[in-house]
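In listed order, ligands and their atoms are each counted from 1. Since the structure is predicted, the reported quantities are computational estimates derived from the model, not experimental observations.
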Amino acid sequence: MAPAILWIGTFCVGAVVGSFASVCISRLPRRESVVWPGSRCPRCGAPIRWYDNIPILSFVALRGRCRHCGAAISARYPLLEVLMGVLFLQTVALFGPGVQALRALVLETLLVIVFFIDLDHRIIPNAVTYPGVAFGILSAAPGGWGAVAASGLTALALGGVLLLVSLVGSAMAGAEAMGLGDVKLAAMIGAFLGWPLGAVAIMLGIFVGGVVGIVLLVTRTRGRRDYVPFGPMLAGGALLALWWGPSIVHWYVSRVTG
Ligand SMILES: [Zn+2]
């Protein structure tokens with residue numbers, strides 16, 4: 001296959017997946033089906049035809065407006081499609097075509113969906129994390145039984161650690177500091193990344209959370225008692241670990257062992 005075709009195809013698949021991710025982000029918190037019925041204009045209710053639903057291109061062709069009533073379409077849709085296209089390109093460039101890239105792409109897509117849903121609604125749907133844990137463990141199979149076991153055990157270990165943190169935190173703060181959604185998200189990240197990258201992801205998530213928390217406090221965007229969702233931080237930590245985890249582990253080990 002000509003490389004140019006591979007790259008254009010990878011970007012297009014990413015854009016289409018980004019379009020589907022938008023559907024998941026708006027429908028999963030409302031417990032609606034993500035496959036039926038087809039998309040409709042939120043203002044006039046007109047069904048959106050396939051030719052008006054082509055990622056990026058339709059938004060440009062329609063100049064960001066509904067064909068029937070002229071209602072503005074959020075720029076968030078084409079932006080997410082472009083973002084996912086670039087994400088797919090970057091991932092295939094990093095891992096090369098194969099099972100490893102496929103697992104990375106599935107994980108990234110699930111993390112993007114979790115990122116926006118938790119930011120908007122402060123929930124992490126089981127409809128993302130349960131299938132995510134299952135896929136993460138099963139897709140380790142090409143690496144042999146050892147890889148499958150490592151994936152499952154890491155999911156259990158990281159979910160267990162966050163459950164413990166959640167229980168202790170709730171008992172000490174008297175309020176829910178971390179939800180069960182975060183626990184299941186940590187298990188999902190563990191299932192995909194295995195050991196030790198899964199643990200690196202959680203530590204990076206806590207680090208990112210601390211930095212974001214300090215920035216929000218210093219800039220007075222959020223007060224000390226305001227709730228900041230943890231899911232987006234974990235998602236960010238998982239992406240960093242996925243892309244640069246081995247270098248981070250290598251740097252850390254060389255530091256410790258001198
Ligand atoms: Zn309309």
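Pairs of residues two or more places apart, or lying in two chains, that qualify as side chain to side chain donor-acceptor pair (under 3.5 Å) and include a residue from residues 40-66 are D52-R67. Annotation: side chain to side chain donor-acceptor pair (under 3.5 Å) contacts involving residues 190-219, sequence neighbours excluded, comprise T219-T221. Residue pairs that meet the side chain to side chain donor-acceptor pair (under 3.5 Å) test with at least one member in residues 100-116, sequence neighbours left out, are T91-E108, R103-S139, E108-W243.
If you take NZ on K184 and CG on N126, they are separated by 3.5 Å, rounding to the nearest 0.5 Å.
When hydrophobic clusters are built by joining Ile, Leu, Val, Met, Phe, Trp and Tyr residues whose side-chain heavy atoms come closer than 4.5 Å, directly or via intermediates, V133 is not grouped with L153.
Around the Zn ion (ligand 1), the protein N, O or S atoms closer than 2.8 Å are C41 SG, C44 SG, C66 SG, C69 SG, listed by chain and residue number.
Among all heavy-atom pairs drawn from L28 and A127, the shortest one is CD2-CB, 4.0 Å.
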